[in-house]
Structures are given as C-alpha cells and as structure tokens.
Colleague: 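I'd like to ask you about the structure that follows.
Every chain is numbered from 1 and lettered A, B, ... according to where its sequence line falls, protein lines coming before strand lines.
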Amino acid sequence: MTARDATLSDRPSYRWVPAIFSMELRKIFSYRMDFWLQFVGGFLAQFVVSYFLWLSIFEFKQAESVGGYSFSMLVGYYIFSPFIDRIVRANNAFVVSQEIYDGSLSRYLLYPINYLGLRFIATLAHALVGLLQMAVGVAIIFGLWGVPEGVQLTLSGILMGTVGVTVSVLLYYLMATSLELAAFWADNVWSLLVMLQFTTAFVGGSLVPLSIFPEWAQDALALTPFPYLIGYPVQAFLGQLSFQQWLRGIEFSLLWTLPLALVLVIVWGRGRSSYTGVGM
Amino acid sequence: MIQIENLYKTFRIHRKAPGFVGSLKSLVYRQWEDRHALKGVNLTVQPGEILGLVGANGAGKTTLVKILAGVVRPSSGRVQVNNLNPWDRKNSFRRQISLIMGQKAQLWWDLPAADCFLLLKEIYQIEEGEYQKYLGFLSETLGVSGLLDVQIRRLSLGERMKMELIAALLHKPRVVFLDEPTIGLDLTAQKAIRKFILDYQREYQPTMILTSHYMEDIEQLCPRIVIIREGQFVYDGQLKHVMSKFADHKVLAVTVEDPQLVVDAGMEFKNSVYLENKEGVLRFRAERQAVASAAAEILGRLPVKDISIEELDIGHIIEALMRRQERLAP
C-alpha cells in the first residue's frame with residue numbers, strides 16, 4: 001500500500017494512540033504550578049482532614065479499631081486513598097461536556113480517529129502521572145515517617161493495586177463520560193457529575209473505608225461498581241487483599257465495564273445525531 | 001466533487017420566557033420551536049472549483065459547511081463529497097477533507113504549533129519525509145517558520161490563523177472548507193491569508209468552499225458565489241455576473257478647480273446625475289452603457305483636473321440581492 005493509499009483507506013490506524021498519550025503528558029507538564037499543586041495540595045487537604053477527624057474519633061471512642069482498622073492502618077489508608085481518588089477521577093471532570101458545549105468537539109469529529117478512544121487515552125496519561133506522583137509521594141512519606149503499623153507493602157500488593165487502579169480508571173471513565181454526554185441534550189451536566197463524584201467519594205472508599213459500613217450495606221454495595229473504584233485498589237496496595245479476593249474484584253469490575261461501555265456507545269451515537277457544533 | 005440535493009436541516013430550539021417566573025415555568029414545561037437552517041438547497045461544486053458562500057449571520061452558511069464536513073447530521077436530503085456521504089464519517093472521507101473555522105481555535109492552545117503538527121502527522125499517517133518537506137513549504141510560505149515552537153496561546157490572531165491553515169492542509173486534503181478564515185484579522189494579515197489561499201488553490205487544486213463576511217475575500221478568491229438567505233439560495237452563479245446584472249450604473253468621480261462653484265451653479269447633465277460633493281470630489285451616477293458619453297459631457301463642460309470611473313461596491317449589490325425574495329438566474 002502506498003503512502004497515498006494509506007491516507008485514503010477506511011482502515012483505522014492507531015498511530016495516533018502514543019501521540020495523543022504523549023501530547024497529554026506534555027500538556028500536564030506544561031503547567032508546572034498546577035502539577036505541583038495537585039501533587040502536594042490535593043494530597044495534603046484530604047490527608048490532614050482525615051487524619052485529625054479519625055484522631056478525634058479514636059480518642060472519643062477510646063477504641064482499638066474501627067471497622068477492622070487500627071488508627072495506624074487508617075493512616076496508611078489515607079496516605080493512599082487521596083492519590084488513588086485523584087488518579088481515578090482527575091481527568092473526567094467536565095472535559096467532554098465542555099467540548100460539546102463550546103463546539104470544540106467538532107475538530108475531533110473531523111479527524112480519522114475515535115473520539116471516545118482519544119479521551120480514554122488522554123485519561124490514561126493523567127492516570128500514569130497520578131501513579132508516578134503516588135509512588136513518589138508514598139516513598140517520601142514512608143521514608144520520613146516509616147511504614148504505618150499493619151500496612152504490608154509488598155511487590156505483589158503493589159502490582160495488584162496498580163492493575164486494580166487501571167481497571168478503576170476505565171470503570172470511572174465509562175460512567176463519567178456517559179453522564180457527560182448528556183451535554184448533547186441538557187444545558188448543564190454539572191449536577192450529574194457532582195452527584196457521581198460525591199457517590200464515588202462516599203461509597204467508593206475515598207472518604208471512609210467501606211468496612212465502616214454495616215454488613216448489609218457492604219453486601220449491597222458489592223453488587224455495584226463503586227467499591228472497586230477506590231477502596232479495592234487501596235486495600236490491594238495496603239496488602240489487605242488476598243490474590244483470590246483481588247481477582248474476584250477485578251473480574252467483577254471488568255464485568256461492569258461491558259454494560260457501561262454499551263451505554264456509552266449508544267448515548268454517543270444518539271448524541272452525535274443531535275450535535276449542532278454551536279459554541280458558546 | 002460536491003453534490004447536494006434537496007438538503008434540509010432543522011434545529012429544535014428551546015424558548016424560555018424572560019425573568020424568574022419564566023425560569024420556574026421552564027422547569028416543568030418547555031416550549032420548543034423548530035428552526036429551519038436549510039430549506040431544500042441544491043448545489044454542485046466541481047473538483048478544483050472554489051466557491052464563495054455569502055450570507056448574513058444565521059443564514060445557514062456554517063450549518064451547510066458543517067454538514068458537508070460530516071460534523072452535523074442533515075435532517076433530510078442527499079449529500080455527496082467526492083462520492084462519499086459525509087455523515088457516514090468513514091476514515092477515507094475524513095482523510096480527504098479539512099475544515100478551518102476562523103472563529104474557533106482547532107489547535108491545542110497549551111502546545112507549541114510544532115507539537116500540534118506532529119500529532120496531526122500521526123493522525124493522518126503522513127510519512128516523515130513528506131511531512132518535513134510539506135511543513136517546511138507551508139511554514140515558509142506563510143512566514144511562520146520561526147514560530148513553530150511557540151505555544152499557540154501566545155501567538156497573535158494572524159499567526160494563529162496561519163498555523164490553523166498549516167494544520168488543515170498538512171494531509172493535503174482534496175476538499176477544503178474555510179469558514180470565515182480572515183475574521184478579526186488586520187488588513188495585512190487578511191491580505192497574506194488571501195494570497196496564500198489563492199496560491200495554494202492554484203498549485204494543488206483542491207475543491208474549496210469559502211464563507212466570509214469580507215467582500216474582499218469573496219472578490220479575490222471566488223469566481224463563483226452562492227448567496228444564501230434564511231436557509232435558501234437566492235443566487236448561484238459567477239461573481240462577475242452579479243456586477244453586470246445587478247449593478248446597472250457606475251459612478252464618475254470628478255475633481256475640478258472649484259467644486260462648490262459647480263454645485264452652486266446647479267448644472268444639469270444629459271447623461272449623468274449629480275450625486276454629491278465628497279471632500280472636494282464631485283460624484284455623478286451614469287448608466288453603465290452611457291458612461292463614456294457622460295464622461296465626455298463632463299469633460300466638455302467642467303474644468304476637470306481629474307476624472308475616474310468607479311464600480312459600485314459589490315458588498316452593497318450583494319446585500320441588496322440578499323433582500324430580494326425571488327431566486328435570481330445567474
């Protein structure tokens with residue numbers, strides 16, 4: 001096939017995948033202040049609040065553990081959860097809906113690439129940066145304070161956690177993007193996304209470990225994709241999951257991706273038909 | 001080749017009464033209205049042709065261009081661009097078209113132009129050698145070679161538009177849609193962009209559709225124009241025919257020793273009508289076919305220092321044409 005034939009063929013090309021990934025990384029690095037603020041500020045805000053909140057709870061209750069967590073294990077939990085929370089949710093806030101509202105989606109529709117694929121690749125780039133930030137952050141904290149008691153940082157735990165968080169990125173991307181596509185019809189999708197973010201924070205294991213909830217609630221939540229978003233990867237990193245438990249979580253997460261992906265594709269197809277390309 | 005048959009596009013618009021009560025009401029009951037952006041238009045554009053699409057704001061120009069580019073779905077009708085239906089959005093279609101929107105940045109603001117072009121190279125699968133050669137040619141021609149490593153957001157509007165042009169042409173599209181490519185630019189930048197488009201079209205012969213509010217763009221670039229009004233074509237034909245068909249007179253601009261004296265004398269001319277004294281230059285209107293005799297009469301009766309014959313402004317003619325209801329033959 002000649003170069004000209006290639007440019008005119010219908011066959012999809014994936015040469016853009018590493019290019020988009022690299023472009024997204026360059027975009028992230030081009031905003032130095034934002035990069036460091038997210039790294040330090042994002043972590044500190046959530047960690048400090050959680051630390052003092054749980055300190056008061058433990059002092060007030062005079063308990064050894066809450067929901068199976070000792071105070072030092074909770075410290076370990078809240079070292080990981082702000083980072084994982086950021087990795088899973090960071091790049092899914094209003095990007096797609098904004099592109100629909102301001103008409104900048106049009107340029108992507110002109111290119112011979114898959115827009116939803118492009119957005120996911122961009123999300124993966126953000127996730128990679130988040131993972132690296134977490135590795136550096138955790139290394140610094142554990143280096144200075146030592147590993148909290150009860151936390152078992154092992155290579156298998158790190159691997160399971162990394163795979164887990166990657167699957168979580170996919171799950172959250174599917175959920176958030178489906179909601180963002182409501183921008184094809186609705187004047188504002190802000191509230192929908194905030195609801196998703198709040199739900200994820202609350203029942204996904206970002207605000208509190210899910211073992212704090214009563215058992216019936218944990219059983220019910222286990223049927224939804226939410227516990228696998230943040231709580232599971234955090235537990236994997238902390239060495240609290242056996243391989244079997246981790247595998248079950250991954251299988252369940254991947255099972256959820258099928259209907260979610262189907263919804264996304266259907267909503268995208270419908271939405272594209274009503275797209276006007278008009279910017280604000 | 002572009003072929004459009006009986007093309008309609010209707011948008012559904014939400015109407016809301018003003019004020020707080022209107023907002024409350026819209027929570028439970030919404031009033032919708034159909035807005036017909038295109039009403040059964042037909043068009044054929046030959047390969048290598050450059051067509052000017054002229055019309056007021058909201059006339060349907062951009063909607064038509066977006067339908068042709070496969071961005072917006074038509075309500076009904078048949079559209080073919082190089083024998084492909086744009087709405088199918090096949091890769092083979094998207095690889096041979098390009099859309100430049102003067103009012104909307106299409107490059108990534110956070111990145112230098114060179115990075116944006118590298119990404120487009122991968123998206124369009126352009127070979128390295130061909131890419132380097134063509135990028136060099138485009139950036140040299142547009143005079144922006146030294147700006148390729150500057151973040152897009154830090155470029156001036158004119159420089160940004162030049163980068164947009166490079167981005168749109170890197171993959172050598174066979175069909176180029178230019179939606180207001182010179183909007184907001186200063187005169188020098190407008191001129192440079194126009195010259196580039198003209199040279200590019202002559203060299204590579206892509207089919208081009210250009211929309212613009214600047215008549216100079218249309219006059220210099222488009223031998224053929226379509227005037228669109230409220231979703232319908234009111235004129236489709238050669239630009240020069242617009243002048244001869246609808247501008248039935250010309251203006252004679254005459255400089256004399258003492259213009260006020262001539263005005264005060266209230267002189268009347270057989271072949272022309274006095275219009276005004278504009279900054280010491282007297283202007284007369286003459287029928288197109290009587291211009292020579294009108295000029296001779298003025299030269300014979302007035303102490304003329306200088307005389308020139310002016311065409312009417314094509315913008316005014318087209319504006320007048322846009323107000324007409326009936327379809328006009330070319």
Colleague: Tell me whether B:Arg153 is salt-bridged to B:Asp110, with the criterion being a basic N under 4.0 Å from an acidic carboxylate O.
Modeller: yes

Colleague: When you measure from the side chain of B:Arg95 to the backbone of B:Tyr124, do you find a donor-acceptor pair of N or O atoms at a distance under 3.5 Å?
Modeller: no

Colleague: Say whether, by atom type as modelled, one donor and one acceptor occur between the side chain of A:Tyr101 and the main chain of A:Asn188 under 3.5 angstrom.
Modeller: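 It does hold such a pair.
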
Colleague: Does any heavy atom of chain A fall under 4.5 Å from the side chain of B:Trp87, the backbone, both, or neither of them?
Modeller: side chain

Colleague: Please state whether the side chain, the backbone, both or neither of B:Leu111 comes within less than 4.5 Å of a heavy atom of chain A.
Modeller: side chain

Colleague: Taking the six-membered ring for Trp, are B:Tyr204 and B:Tyr134 ring centroids under 6.0 Å apart?
Modeller: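 Ring centres of B:Tyr134 and B:Tyr204 closer than 6.0 Å.
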
Colleague: Between B:Ile97 and chain A, with a heavy-atom cut-off of 4.5 Å, which part of the residue counts as in contact: side chain, backbone, both or neither?
Modeller: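 Only the side chain of B:Ile97 comes within 4.5 Å of chain A.
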
Colleague: Select one option (side chain, backbone, both, neither) describing which atoms of A:Leu105 are under 4.5 Å from chain B's heavy atoms.
Modeller: neither

Colleague: So which of A:Ser274, A:Ala19, A:Ser273, A:Ser106 has the biggest tally of heavy-atom pairs under 4.5 Å with chain B?
Modeller: A:Ser273

Colleague: Between B:Lys162 (side chain) and B:Ile193 (backbone), is there a donor-acceptor pair under 3.5 Å?
Modeller: no

Colleague: Looking at A:Met23, A:Lys27, A:Arg107, which has the largest count of heavy-atom pairs under 4.5 Å with chain B?
Modeller: A:Arg107

Colleague: Please determine, among B:Leu99, B:Ile123, B:Val72, the option with the most heavy-atom pairs under 4.5 Å with chain A.
Modeller: B:Ile123

Colleague: Side chain, backbone, both or neither: which part of B:Leu107 has a non-hydrogen atom closer than 4.5 Å to chain A?
Modeller: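 Backbone of B:Leu107 only, per the 4.5 Å heavy-atom cut-off to chain A.
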
Colleague: Any carboxylate oxygen within less than 4.0 angstrom of a Lys/Arg side-chain nitrogen, looking at B:Glu127 and B:Lys121?
Modeller: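 Answer for the salt bridge query: no.
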
